[in-house]
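A short worksheet on the structure shown next.
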2 protein chains.
Amino acid sequence: MAETTRRNHPYSGVIAKLKQAGLRPTRQRIALAKLLFENEDRHVSAEDLHEEARAASVSVSLATIYNTLHQFSELGLMREVVVEAGRSYFDTNTDDHHHFFHEHSGQLEDIPSDQINVAEMPSAPPGTSVSRVDVIVRVSGSAD
Amino acid sequence: MAETTRRNHPYSGVIAKLKQAGLRPTRQRIALAKLLFENEDRHVSAEDLHEEARAASVSVSLATIYNTLHQFSELGLMREVVVEAGRSYFDTNTDDHHHFFHEHSGQLEDIPSDQINVAEMPSAPPGTSVSRVDVIVRVSGSAD
DNA sequence: TTCTCATTTTAGAATTGTTCTAATCCATTG
DNA sequence: CAATGGATTAGAACAATTCTAAAATGAGAA
């Protein structure tokens, strides 16, 4: 009653995905990749993912969650978003897009790239090159 | 030899500024406001300011630094900028502007508002209103 | 001035999110 | 299947920030 559900995903793309990224497809990475990539795009904190894993009876240490999230981000499988001091979110959507940040709930929401447009980009300071542009539109509930 | 230097600033604008903001002009707040507002615009972390205060022989606890920085930000005297998980910067420049973030050094640099332009802002999600838009241009040193 | 009281400040403990460490585990290769 | 180097782990360590309860102080009243 615990092993039978495993058989469904014959060999989901995640293993291939991990291999392509140059990561050894370990039990933990496979499980996390499934949680992250076989559902809708979303924004998770390390704690969120840890909890999701527990809920799915996948035993993974928090250290591994952090390692994995960082590896996935460095390899371009996902993207780290910083909105609040003291908490990182990881976004499974790697398309070019920006975010709404709901100040009261702490939630992040994607802004599709065609709904926002940064014009007149300044040139990067001498000796540097732009690695990314983040736009965060902070919104507060009208009832605040 | 410790009290004589006090006499210089006859009654700098900071006291008025504090009163206008509805804050009692205490010794600590006056000292911090002077450090923050009587110099060029800049970006400080709580630790930075704590250190600056010590260097100026102003004794202020770290808790007060945090209280003050948050109060000043809430009252619009300065602005909190979050770029890295785990560290907050406070910007004494409250004009409408955005930032370069130097990934290698952790330094923030202002982008004057006329050098960048966010066009086609999306409308805020129902029931919310935009409280601020932050644009962070992350740059890395070319020698990385 | 002195008294009073709400506001501030404070030291240090506590919390939070994240990283480190050293031991153990396991995926891959031969 | 054994060897080996990368991966995972529990728990300690860490850094930034917040909390707590007590002591200090500013502002107004008397």
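Chain naming here is simple, since letters A, B, ... match the order of the sequence lines and numbering starts at 1 in each. Keep in mind the model is a prediction, meaning the values are calculated, not measured.
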Checklist line | Along DNA chain D (nearest heavy atom to each residue), the more 5'-positioned of A/Val60 and B/Ala63 | finding: A/Val60
Checklist line | Nearest heavy-atom neighbours spanning B/Tyr66 and B/Ala46 | finding: CZ-CB, 3.4 Å
Checklist line | d(CD, B/Glu47; P, D/dT18) in whole Å | finding: 12 Å
Note to self: According to side-chain hydrogen bond (donor to acceptor under 3.5 Å, both in side chains), who are the partners of A/Glu52, at least two apart in sequence or on a separate chain?
What the structure shows: A/Arg42
Notebook entry, point to check: Pick one: which of A/Val137, A/Val135, A/Ile136 meets side chain to side chain contact (heavy atoms under 4.5 Å, CB included) with A/Ile111?
Noted result: A/Val137
Check: Which is true for B/Thr64 with a 4.0 Å heavy-atom rule: it touches a base, it touches only sugar-phosphate, or it touches nothing?
Finding: base
Note to self: Over all strands shown, is B/Thr68 touching base, sugar-phosphate only, or nothing at heavy-atom distances under 4.0 angstrom?
What the structure shows: nothing
Next item on the list: Starting at atom NE2 of B/His70, determine the distance to atom C1' of D/dA16, rounded to an integer number of angstrom.
Entry: 11 Å
Check: Within the side chain of A/His50, is there an N or O that forms a donor-acceptor pair under 3.5 Å with the backbone of A/Ser45?
Finding: no
Item checked: d(CD1, B/Ile15; C1', D/dA27) in whole Å -> 14 Å
Notebook entry, point to check: Does D/dT17 have OP1 or OP2 sitting under 4.0 Å from an N or O in the side chain of B/Tyr66?
Noted result: yes
Next item on the list: Mind calculating the distance between CZ (A/Arg24) and C1' (D/dT8) to the nearest angstrom?
Entry: 11 Å
Next item on the list: Identify, between B/Glu80 and B/Pro25, the residue whose nearest nucleotide on DNA chain D lies closer to the 5' end.
Entry: B/Glu80
Checklist line | Distance-only polar pair, side chains of A/Asp110 and A/His43, donor-acceptor under 3.5 Å | finding: yes
Next item on the list: Measure the distance from CD on B/Gln28 to C1' on D/dT25 and round it to the nearest whole Å.
Entry: 9 Å
Next item on the list: Starting from C1' on D/dT8, measure out to CG on A/Leu49 and report it in whole angstrom.
Entry: 15 Å
Next item on the list: Determine the sole option in A/Leu36, A/Leu32, A/Thr64 for which the side chain to side chain contact (heavy atoms under 4.5 Å, CB included) test with A/Leu69 is passed.
Entry: A/Leu36
Checklist line | Residue whose nearest DNA chain C nucleotide is more 5′ - B/Leu23 or B/Leu62 | finding: B/Leu23
Next item on the list: Identify whether any heavy atom of B/Ser45 sits under 4.0 Å from a base atom; if not, whether one sits that close to sugar-phosphate; answer base, sugar-phosphate or nothing.
Entry: nothing
Note to self: Is it the case that the ring center of A/Phe72 lies less than 6.0 angstrom away from the ring center of A/Phe37?
What the structure shows: yes
Next item on the list: Write down the distance between CG (B/Asn67) and C1' (D/dT20), rounded to a whole number of angstrom.
Entry: 12 Å
Margin query: What range of DNA chain C does chain B touch, first nucleotide to last, counting atoms under 4.0 Å from its heavy atoms?
Written below: C/dT7 to C/dA11
Check: Taking the side chain of A/Arg29 as its heavy atoms from C-beta onward, which of D/dA27, D/dT8, D/dT17 lies nearest to it?
Finding: D/dT8
Notebook entry, point to check: How many Å lie between NE2 on B/His50 and P on D/dT17, as a whole number?
Noted result: 13 Å
